[in-house]
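Below is one structure, written out as structure tokens; the observations come after it.
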Amino acid sequence: MVRRGTNLDRVGGFNDAVVLDAIRRSEQLSRVELAEATGLSGQAISNIVRRLLDAGLVREAGRLRGAGLGKPRTLLELEPTGQYAVGVHLDPSVVTVVLLDLTGEVVARRPVDQHADDPGLLIDGIAKTIEEVIAASGAPRDRVTGVGIAAPGPIDVERGVVVDPPNLSTWHLVPLRDELSARTGLPIVLDKDVTAAASAEKWAGQGGSFVFFYLGTGVGAGLVIGDEVVRGSSSNVGEIGHVIVDPDGPLCYCGRRGCVGEASQPKYLVEQAVRAGVLAEGIDLDDRLAVEAAFASVCAQAGGPGAARDILTTLADRIAKVVEDIANLLDLERVVFGGPHWEQLASVLHDRVRTALEGRFLLAAVHPFEVTGTSLGADVGAIGAASLILDRMFSPNPSLAGER
């Protein structure tokens, strides 16, 4: 839904954002169409478009002749090189940096060559990789407007701090926002990984009401309700890891058994695979790289019948139970799966979750419930982080988390 502007002169910045967002959503619009879509006067549209052209944020894209004999209308579209945004996705298994242009397209990406165990070293590595990505893209640095960070929760958005993520044991009250800002000199926005991923799907045009189910070293849920990203009172919405899906399941650090977060851990799944004879004994379960390699082997072997597939099928059933509860509680239209491990799990999880939910979505007689994977690939978290920066430009009331 295109936002409506106001013809009061004092809210020019608001109206600029309304016009920019209208162009982004439609890709190309004439001045007449912009006036119709936004409710602004023709004179207001002319003034705003002139400012946006002068700022290099939009460009003219040819002419469109209408059905009548009137003067052809000049079409306007975003200028991709007008501004850029950096996105950083922090996950215990992978840290990625991307650069988006003004249209939201990825123009450069690079993994960070540093593990997450040492916060200081990793922040140094992220800052270095940001500069490398900007240089590799050829983007003028003065057009890079900021850096968005998607980090595992809980986070303190007021202070820009990563508090105590359960899968990053050395990250206790790390002032990630300020530390990275000091190293890069760029404005920083910090948000939760699952929220950033949901924002990315919304930014890509997948609006409505949905849950983004994040599958990484841990699990989480990002929410979009009625085209609006839901963050909660402290921007920590989506902590679903302690929903119990199997009372006889693995012991969680919280003291209970069968939490979906613990039951979805690659470490636990690898341990199950060793017990079932899918993997050889001797895997060091405290070695993250060894666990990731073993987990990839389990996923590869799950392509056909056997113990590996049984392990992932059980995982899918547990995840489906959580999705079912969220979807029924919030009257959602779909679940979107993504995160670092989604592509490895998709061949089993997609169909199994869809089958498990048949007959269990209570509003099926009113509207269907769709099960999909992200269209943005493994970089969805980083893309979402960068979209937080772009959101400041396109949203009259930007829904941002902690910023400096």
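A quick note: this is a predicted structure, and the numbers were derived from the prediction, not measured. All residue numbers refer to positions in the sequence shown, counting from 1.
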Side chains of [X] and [Y] in contact at under 4.5 Å (non-hydrogen atoms):
| X | Y | result |
| --- | --- | --- |
| Phe295 | Gln265 | no |
| Leu122 | Leu90 | yes |
| Val219 | Phe213 | yes |
| Leu78 | Leu20 | yes |
| Ser199 | Leu388 | yes |
| Phe212 | Val194 | no |
| Pro80 | Arg59 | yes |
| Leu173 | Val163 | yes |

Just by modelled atom types, is the [Y] backbone N or O under 3.5 Å from a matching donor or acceptor in the [X] side chain?
| X | Y | answer |
| --- | --- | --- |
| His341 | Gly216 | yes |
| Thr145 | Tyr84 | yes |
| Asp379 | Ile383 | no |
| Ser181 | Asp178 | no |
| Asn236 | Ile155 | yes |
| Thr184 | Leu180 | yes |
| Ser209 | Gly226 | yes |

Identify the two heavy atoms, one from [X] and one from [Y], that lie closest to each other, and give their separation to 0.1 Å.
| X | Y | result |
| --- | --- | --- |
| Pro175 | Val161 | CA-CG2, 3.9 Å |
| Asp118 | Thr170 | N-OG1, 4.4 Å |
| Ala150 | Asp193 | CB-CA, 3.8 Å |
| Glu201 | Phe210 | CB-CZ, 3.7 Å |
| Ala263 | Tyr268 | O-CD2, 3.5 Å |
| Ala316 | Arg352 | CB-CG, 3.5 Å |

message: By the definition side-chain contact (heavy atoms from CB on, under 4.5 Å), identify the one residue from Leu315, Asp317, Val322 that meets it with Ile319.
response: Leu315
Quick one: pull up [atom1] in [X] and [atom2] in [Y] and give me the separation to the nearest 0.5 Å.
| X | Y | atom1 | atom2 | result |
| --- | --- | --- | --- | --- |
| Ile244 | Cys254 | CD1 | SG | 7.0 Å |
| Gln28 | Thr74 | CD | OG1 | 11.5 Å |
| Glu105 | Leu100 | CD | CG | 8.5 Å |
| Leu176 | Arg159 | CG | CZ | 13.0 Å |
| Leu223 | Leu330 | CG | CG | 6.0 Å |
| Thr38 | Ile45 | OG1 | CD1 | 4.0 Å |

task: May I have the step-by-step check of side chain to side chain contact (heavy atoms under 4.5 Å, CB included) for Ile126 and Arg183, ending in yes or no?
output: CA-CA 9 Å; Ile126 291 172; Arg183 287 164 170 79; over 6 Å; no
Less than 4.0 Å between a side-chain N and a carboxylate O, is that true for [Y] and [X]?
| X | Y | value |
| --- | --- | --- |
| Glu60 | Arg31 | yes |
| Glu228 | Lys202 | no |
| Arg24 | Asp21 | yes |
| Asp113 | Lys128 | no |

field: Contacts of Thr81 that satisfy side-chain hydrogen bond (donor to acceptor under 3.5 Å, both in side chains) - sequence neighbours left out
entry: Glu79
Those residues that, when tested against Ser264, pass side-chain hydrogen bond (donor to acceptor under 3.5 Å, both in side chains) (two or more places apart): none
- prompt: Can you list every salt bridge (Lys or Arg N to Asp or Glu O under 4.0 Å) pair that touches residues 165-175, not counting sequence neighbours?
  reply: none
message: Suppose the criterion is salt bridge (Lys or Arg N to Asp or Glu O under 4.0 Å): which pairs have a residue in residues 252-269, not counting sequence neighbours?
response: Lys267-Asp286
query: So Lys321 and Asp325, salt bridge (charged side-chain N to carboxylate O under 4.0 Å, His left out) or not? Walk me through it.
result: CA-CA 6 Å; Lys321 178 62 174 68; Asp325 291 344; 2.7 Å; yes
For a quick test of your reading: what N or O donor-acceptor pairs under 3.5 Å do the side chains of residues 356-364 make, sequence neighbours left out?
{"residue": "Arg360", "atom": "NE", "partner": "Glu324", "partner atom": "OE1", "Å": "2.7"}
{"residue": "Arg360", "atom": "NE", "partner": "Ala356", "partner atom": "O", "Å": "3.3"}
{"residue": "Arg360", "atom": "NH1", "partner": "Ala356", "partner atom": "O", "Å": "2.9"}
{"residue": "Arg360", "atom": "NH2", "partner": "Glu324", "partner atom": "OE1", "Å": "2.7"}

- request: Flag yes if more than 12 heavy atoms outside Glu77 fall under 6.0 Å of its CD atom; otherwise flag no.
  value: yes
- prompt: Around Glu27, counting heavy atoms of other residues, nucleotides and ligands shown, do more than 12 lie under 6.0 Å from its CD?
  reply: no
- request: Could you please spell out the steps behind the side chain to side chain contact (heavy atoms under 4.5 Å, CB included) verdict for Phe337 and Val323?
  value: CA-CA 10 Å; Phe337 286 103; Val323 172; 4.2 Å; yes
- prompt: When you look at Arg288 and Glu292, which way does the salt bridge (charged side-chain N to carboxylate O under 4.0 Å, His left out) test go after all the steps?
  reply: CA-CA 6 Å; Arg288 184 176 294 126; Glu292 288 291 329; over 6 Å; no
For residues 306-313, run the donor-acceptor check on the side chains, cut-off 3.5 Å, and write out each pair with its distance to 0.1 Å, sequence neighbours left out.
{"residue": "Arg309", "atom": "NH1", "partner": "Ala302", "partner atom": "O", "Å": "2.7"}
{"residue": "Thr313", "atom": "OG1", "partner": "Arg309", "partner atom": "O", "Å": "2.8"}

task: Give the intermediate values and the outcome of side chain to side chain contact (heavy atoms under 4.5 Å, CB included) for residues Glu179 and Val174.
output: CA-CA 9 Å; Glu179 290 290 334; Val174 176; 5.6 Å; no
message: Go through it in stages, so that I can follow the logic: the residues are Leu349 and Leu215, the test is side chain to side chain contact (heavy atoms under 4.5 Å, CB included), and I'd like the CA-CA distance, side-chain angles, deciding distance and then a yes or no.
response: CA-CA 11 Å; Leu349 260 62; Leu215 293 160; 3.8 Å; yes
